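One-based numbering along the sequence shown. The model shown is predicted, which means the values in this text are computed figures rather than measured ones.
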Amino acid sequence: MFRITRSSMHRLLVTVCLLHLTTFIPRPALGNDNLRVAYQWNQIDFEFSSDTERQEALASGRYIPENVIPVGLEVYKKRLFLTLPRWKQGIPASLAYINLNETTTQSPRLYPYPNWSAHRRLSENDAQEIVSPFRIRADRCGRLWVLDTGVDELLGNTTVFAPTSLLVYDLTSDNLLRRYQFPSDHLKENSFYANIAVEDAVCDDTFAYAADLGSPGLVVYSWKQQESWRVKHHFFYPDPLAGNYNITGINFQWDDGLFGLALSKPQSDGFATLFFHPLSSLNEFSVSTKVLRNRTYALDTRNYKEFKVLGSRGPNGQAGVAFLDQKTGVIFYALPNLNAVTCWKTSNRALNFKSLGRVYMSSVEMVFPNDVKVDDESRLWVLSDRLHQYMYESLNRNDINFRVLTATVKDAIQNTACDTNIKPLPDIITNLGDILRPSTSTVAPKSGSSVALTLQSNRFITVLLATVITLLFSSNLITT
């Protein structure tokens with residue numbers, strides 16, 4: 001017969017916890033950096049109908065290679081789409097794609113989407129079909145949602161050719177299904193709609209969410225009702241203490257509001273959770289789309305407390321876009337100040353610097369990560385484009401300026417705080433306490449990870465306990 005003293009029990013628990021930590025819990029600062037470069041360009045080139053047409057476009061200034069920059073990315077089936085907004089002169093097509101099956105080079109030429117004519121003005125009084133999109137989203141219903149700002153030469157002689165609009169294409173036929181222009185009351189003095197998320201659980205009752213970073217607000221668009229409303233909230237505004245950026249030695253300040261949008265899968269009530277954040281902010285927030293999709297309630301200021309504060313990403317944690325992989329519940333963040341992509345497991349109660357996982361960090365290949373997506377084959381895609389250098393200095397045509405990196409979601413989050421194969425430590429501690437704590441109850445324990453151990457966890461604890469108790473016997477920490 002042996003007994004375990006109180007101090008011995010405390011040491012036993014500490015030893016087991018430390019063993020579990022060192023064996024199973026990854027260090028947040030570490031990561032596998034498993035992404036690989038799939039495509040890269042010094043400058044973007046297009047598949048013109050002929051070399052003669054390319055030379056004509058170059059001679060006329062319709063195509064100025066150094067002015068073309070990709071800022072948005074989407075992958076649907078075997079096509080990778082890129083947005084190339086008309087921020088400067090010489091952008092021949094502002095939405096284009098490559099065929100993932102046909103490329104034999106890492107620097108393929110781009111095909112205009114849906115065709116060349118969609119990017120050409122028919123007259124001085126008419127805008128192109130697609131003017132200047134910033135972000136796009138392909139939904140599960142085979143539609144491509146294009147958020148078009150309608151603005152030409154944003155960084156030069158700014159001209160508004162058309163109101164901000166949603167263009168929706170059929171990805172099977174590439175035909176334009178619908179064009180929806182935002183009503184005038186959605187467009188404020190400094191409005192710039194820079195991101196879109198699509199809630200597509202029901203194809204005929206889809207909702208799109210568009211983020212206005214210039215005059216912070218959220219537009220909710222109903223596909224079924226063919227109408228929209230603009231939601232306001234204090235959480236959409238930038239943090240004045242988070243507006244400083246320093247990337248590769250270029251220092252600048254931005255006061256951009258609502259930008260990052262990421263949608264969960266439908267919850268038990270049938271509605272998704274929208275995770276969101278301003279660009280110039282360290283914090284993450286959320287709200288149920290049950291609030292947003294009800295026009296009356298969405299516009300009622302009494303809904304204020306429906307919006308939740310989740311936590312902070314920590315120093316230099318300003319995030320651009322975000323994307324939530326609905327299969328794993330992991331959000332991926334693009335962090336331009338850190339030249340990194342990180343992740344957060346939404347099942348984790350805490351959002352802070354320690355709960356973030358490092359997916360990829362590089363001062364060469366990940367300079368200004370600008371878009372992040374997960375495709376229908378559970379592959380993560382990231383676009384980096386040196387946007388700050390394009391805006392405030394100039395890009396060197398001899399450098400690789402634009403990269404698309406990819407990996408499976410499983411590989412991307414392996415051995416990070418987002419790894420879904422890792423059992424949370426608090427559950428282990430709770431279950432260990434259940435084993436060691438004497439019980440006189442004859443009632444079977446309730447099921448659930450916080451009370452009942454799986455067979456695998458039982459074996460794990462048993463082996464650990466046997467090992468630790470042997471060690472404690474040999475150290476005279478357990479007396480007989």
Side-chain angles (χ1 to χ4, degrees), residues 26-45 65-75 80 82-84 87 98 100 103-110 244-252 254 260 279 313-323 332-343 353 356-374 379-409 411-418:
R27 293 165 176 82
L30 300 180
N32 289 338
D33 285 352
N34 276 337
L35 274 62
R36 64 172 181 84
V37 176
Y39 302 102
Q40 58 187 21
W41 297 266
N42 299 62
Q43 295 182 329
I44 297 295
D45 198 358
E66 59 265 30
N67 286 355
V68 183
I69 182 172
V71 300
L73 168 146
E74 180 60 288
V75 175
L80 184 150
L82 294 171
T83 63
L84 312 131
W87 286 355
I98 58 178
L100 298 176
T103 53
T104 58
T105 171
Q106 275 199 316
S107 307
R109 293 175 176 175
L110 308 187
N244 188 59
Y245 297 80
N246 196 320
I247 307 172
T248 62
I250 300 176
N251 183 240
F252 55 96
W254 283 348
L279 175 56
R313 286 176 294 274
N316 289 318
Q318 294 94 333
V321 298
F323 193 87
F332 294 94
Y333 293 109
L335 305 186
N337 251 342
L338 296 175
N339 299 319
V341 172
T342 61
C343 61
F353 180 75
L356 291 177
R358 174 180 135 185
V359 174
Y360 198 91
M361 180 180 291
S362 172
S363 59
V364 175
E365 296 177 339
M366 196 57 74
V367 179
F368 210 105
N370 209 338
D371 207 357
V372 178
K373 292 285 173 43
V374 175
R379 292 196 65 86
L380 174 69
W381 298 85
V382 180
L383 168 68
S384 66
D385 63 5
R386 300 187 178 184
L387 175 64
H388 64 301
Q389 190 174 333
Y390 172 87
M391 293 179 65
Y392 299 113
E393 293 186 353
S394 62
L395 298 175
N396 187 336
R397 61 181 298 175
N398 296 318
D399 289 343
I400 296 173
N401 294 303
F402 319 123
R403 292 178 173 87
V404 173
L405 299 92
T406 187
T408 64
V409 170
D411 287 344
I413 65 176
Q414 186 179 23
N415 294 330
T416 74
C418 307

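- Rounding to the nearest 0.5 angstrom, the gap separating the NZ atom in Lys373 from the OG1 atom in Thr406 is 13.5 Å.
- Here the closest heavy-atom approach between residue Val367 and residue Asn339 is recorded as CA-OD1, 3.7 Å.
- Pairing each heavy atom of Asp385 with each of Pro70, the nearest pair is OD2-O, 2.7 Å.
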>> Under the criterion side chain to side chain contact (heavy atoms under 4.5 Å, CB included), I'd like the reasoning laid out for Val341 against Leu35: C-alpha separation, chi angles, the key distance, then a yes or no.
In response: CA-CA 10 Å; Val341 172; Leu35 274 62; 5.5 Å; no
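- With values rounded to the nearest 0.5 angstrom, Asp371 atom CG is found 5.5 Å from Leu73 atom CG.
- Between Phe368 and His388, the ring-plane angle classifies as parallel under the 30° and 60° cut-offs.
- When each of Asn34, Val359, Val75 is checked for a side-chain contact (heavy atoms from CB on, under 4.5 Å) with Leu380, only Val359 meets the rule.
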>> For Arg358 and Asp33: C-alpha separation, side-chain torsions, deciding distance, then whether side chain to side chain contact (heavy atoms under 4.5 Å, CB included) applies.
In response: CA-CA 8 Å; Arg358 174 180 135 185; Asp33 285 352; 2.6 Å; yes
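- Note that CD of Gln318 is 14.0 Å distant from OH of Tyr333, once rounded to the nearest 0.5 Å.
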> How far apart are the C-alpha atoms of Ile247 and Phe252, what are their side-chain angles, what is the distance that settles it, and do they pass the side chain to side chain contact (heavy atoms under 4.5 Å, CB included) test?
Replying inline: CA-CA 9 Å; Ile247 307 172; Phe252 55 96; 3.9 Å; yes
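- Between the Tyr360 side chain and the Arg36 main chain, no donor and acceptor come within less than 3.5 Å of each other.
- When all heavy atoms of Ile44 and Val68 are compared, the closest pair comes out as CB-CG1, 3.8 Å.
- Residues Pro336 and Gly320 come closest through the heavy atom pair CD-N, 4.1 Å.
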> Could you go step by step and tell me if Phe402 and Leu82 meet the side chain to side chain contact (heavy atoms under 4.5 Å, CB included) rule?
Replying inline: CA-CA 11 Å; Phe402 319 123; Leu82 294 171; over 6 Å; no
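- Side-chain contact between Leu80 and Tyr39 is present, with at least one heavy-atom pair separated by less than 4.5 Å.
- Although no hydrogens or angles enter the test, the distance criterion places no donor-acceptor pair under 3.5 Å between the side chain of Gln389 and the main chain of Ile250.
- Expressed to the nearest 0.5 Å, how far CG of Asn244 lies from CG of Asn337 amounts to 7.5 Å.
- Checking Asn370, Val404, Ile400, Leu405 one by one against Ser384, the side-chain contact (heavy atoms from CB on, under 4.5 Å) holds for a single residue, Leu405.
- Annotation for Pro369 and Ala340: closest pair CG-O, 3.5 Å, computed over non-hydrogen atoms.
- Counting heavy atoms from C-beta on, the side chains of Gln106 and Arg403 never come closer than 4.5 Å.
- With hydrogens and angles disregarded, no donor-acceptor distance shorter than 3.5 Å links the side chain of Trp41 to the backbone of Arg109.
- To the nearest 0.5 Å, atoms CD (Gln43) and CG (Asn401) are separated by 7.5 Å.
- Between Phe353 and Arg313, the shortest heavy-atom distance links the atoms CD1-O, 3.7 Å.
- Between Tyr392 and Trp254, the two ring planes are tilted [angle within 30° to 60°].
- The line from CG of Asn42 to CG of Leu395 is 10.5 Å long, rounded to the nearest 0.5 Å.
- Checked against the 6.0 Å centroid criterion, the rings of Phe332 and Phe323 do not qualify as a close aromatic pair.
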